[in-house]
Structure formats: C-alpha cells, structure tokens
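The next block holds one structure in the form of structure tokens; read it before the comments.
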Amino acid sequence: QVQLVESGGGLVQAGDSLRLSCAASEGTFNRHAMGWFRQAPGKEREFVATISRSGESTYYKDSVKGRFTISRDNAKNTVYLQMNSLKPEDTAVYYCAARGSVISTRTTDYEYWGQGTQVTVSS
C-alpha cells in the first residue's frame with residue numbers, strides 16, 4: 001500500500017510561485033504513475049498533471065500548460081508540482097495520487113490519495 005503526504009501549500013498573491021511536494025512512504029514509488037488533482041469549494045475534483053513512473057512522459061490540464069511543471073525524484077520517493085504565474089482561479093485543495101504504471105487524467109483511475117494541501121491565490 002502506498003501512503004502519500006502533500007506539503008508546500010500556502011497563501012500567495014497572483015503572479016507568485018509555489019512548489020508542492022508529495023512524499024511516498026515506501027520504496028515501491030517507482031512502480032507507480034503519479035498525478036496531481038485539485039478541488040475548489042463547490043466544485044468537483046479535477047485533473048491537473050500526471051507523470052509516468054520513469055518521469056519520461058507528462059501530461060497537463062490545458063489551463064495550466066506553460067505555468068505548472070510536474071516532476072519526480074524516485075530516489076527520494078517524491079513527486080513535485082512547480083506552480084508559476086499563479087492565478088486566483090488556481091485556488092483549491094491540491095491532492096497527489098498514485099496508480100499503475102500508465103498515466104491517466106481520470107480521478108477514478110487512481111488508487112492511492114494523500115490528504116491534500118491548501119493553495120490560496122489572492123488577487
């Protein structure tokens with residue numbers, strides 16, 4: 001079983017940057033594709049970014065392309081989400097998740113989830 005813990009959220013102003021981290025508890029991290037999702041109040045959870053287990057393949061939600069970058073360090077069992085040029089509409093709880101070896105944009109395809117970290121962007 002994979003246990004995930006997110007960190008790095010906070011309160012920033014529009015145009016600022018944040019880097020989120022998600023640490024896995026065990027050394028099987030490199031067997032899983034990873035994803036970042038977010039959920040704003042009153043809205044459904046939505047896909048943000050995903051990365052293959054080797055880090056070779058990535059895919060992003062259209063609205064964050066060019067601003068967000070997903071990466072991973074398998075030696076540290078950690079996946080990252082670098083967020084630049086943040087906008088108020090990026091405000092949400094951000095979750096990391098793990099699944100099988102193939103990347104996916106669908107929440108229902110992910111088996112393991114962290115507790116989330118709050119990101120708030122003021123205008």
Side-chain angles (χ1 to χ4, degrees):
Q1 184 177 15
V2 178
Q3 299 181 56
L4 305 172
V5 180
E6 303 97 333
S7 62
L11 173 63
V12 298
Q13 296 184 9
D16 286 353
S17 298
L18 279 175
R19 191 183 204 190
L20 306 183
S21 298
C22 177
S25 61
E26 299 176 344
T28 58
F29 177 75
N30 63 357
R31 299 182 183 179
H32 299 275
M34 301 293 296
W36 284 98
F37 296 79
R38 66 188 183 187
Q39 187 168 21
K43 297 184 178 180
E44 296 182 357
R45 188 170 300 184
E46 66 177 4
F47 166 78
V48 177
T50 186
I51 187 168
S52 63
R53 62 183 185 178
S54 68
E56 179 178 327
S57 299
T58 59
Y59 192 79
Y60 298 90
K61 176 181 174 65
D62 286 344
S63 63
V64 308
K65 288 180 179 178
R67 298 190 298 120
F68 291 10
T69 302
I70 187 171
S71 61
R72 67 192 297 163
D73 186 339
N74 288 345
K76 297 181 178 179
N77 296 333
T78 302
V79 63
Y80 305 95
L81 185 67
Q82 177 67 44
M83 305 184 294
N84 298 328
S85 301
L86 283 163
K87 304 175 181 179
E89 51 263 44
D90 295 319
T91 295
V93 176
Y94 283 70
Y95 300 89
C96 64
R99 68 175 311 274
S101 61
V102 180
I103 61 174
S104 174
T105 64
R106 303 178 65 173
T107 59
T108 53
D109 286 342
Y110 287 79
E111 183 176 4
Y112 306 104
W113 294 84
Q115 294 297 308
T117 185
Q118 177 70 48
V119 173
T120 303
V121 184
S122 62
S123 59

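All heavy atoms count here, side chains included; hydrogens, waters and symmetry mates do not.
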task: Could you list who else is in V5's hydrophobic cluster, with ILVMFWY side chains joined at under 4.5 Å, directly or through other members?
output: none
- prompt: Picking from Y112, Y110, W36, W113, what satisfies side-chain contact (heavy atoms from CB on, under 4.5 Å) with C96?
  reply: W36
query: Which atoms form the tightest heavy-atom contact between I51 and T58, and what is the distance?
result: CG1-CG2, 3.7 Å
field: Pairing residues for E111 by the side chain to side chain contact (heavy atoms under 4.5 Å, CB included) criterion, not counting sequence neighbours
entry: none
- prompt: Which heavy-atom pair separates G116 from E6 by the least distance, and what is that distance?
  reply: N-OE1, 2.8 Å
message: Which Ile, Leu, Val, Met, Phe, Trp or Tyr residues join Y80 in one cluster when any pair of side-chain heavy atoms under 4.5 Å counts as a link?
response: none
query: Between atom CG of N74 and atom OG1 of T28, what is the distance when rounded to the nearest 0.5 Å?
result: 11.0 Å
- request: Calculate, to the nearest 0.5 Å, the distance between atoms CG and CG belonging to N84 and D16 respectively.
  value: 10.0 Å
- request: Looking only at non-hydrogen atoms, find the nearest pair between T105 and F37 and report the distance.
  value: O-CE2, 3.8 Å
- prompt: What's the spacing between N30 CG and S54 OG if we round to 0.5 Å?
  reply: 10.0 Å
statement: Here the gap from F68 atom CZ to L86 atom CG, rounded to the nearest 0.5 Å, amounts to 5.0 Å
task: Show your working on side-chain contact (heavy atoms from CB on, under 4.5 Å) between M83 and D90 and close with a plain yes or no.
output: CA-CA 10 Å; M83 305 184 294; D90 295 319; over 6 Å; no
statement: Sorted by chain and residue number, the salt bridge (charged side-chain N to carboxylate O under 4.0 Å, His left out) partners of K87 (sequence neighbours excluded) come out as none
- request: Inspect the surroundings of NZ in K76 and state if more than 12 heavy atoms from other residues, nucleotides or ligands are less than 6.0 Å away.
  value: no
- line: On a heavy-atom basis, the closest approach of F29 and A24 is CD1-CB, 3.6 Å
statement: All heavy atoms of T91 vs all of A40, minimum pair found to be O-CB, 3.7 Å
- line: K61 meets the salt bridge (charged side-chain N to carboxylate O under 4.0 Å, His left out) criterion, sequence neighbours left out, with E46
query: Crowded around Q13 CD? As in, over 12 foreign heavy atoms under 6.0 Å?
result: no
task: State whether the side chain of H32 and the backbone N or O of R99 hold a donor-acceptor pair below 3.5 Å, judged by distance alone.
output: yes
Partner set under side chain to side chain contact (heavy atoms under 4.5 Å, CB included) for A14, not counting sequence neighbours: P88, V121
query: What is the distance from atom OG of S7 to atom OH of Y94, rounded to the nearest 0.5 Å?
result: 15.0 Å
- prompt: Taking all non-hydrogen atoms of both residues, which atom of L20 and which atom of G9 are closest, and how far apart?
  reply: CD2-N, 3.6 Å
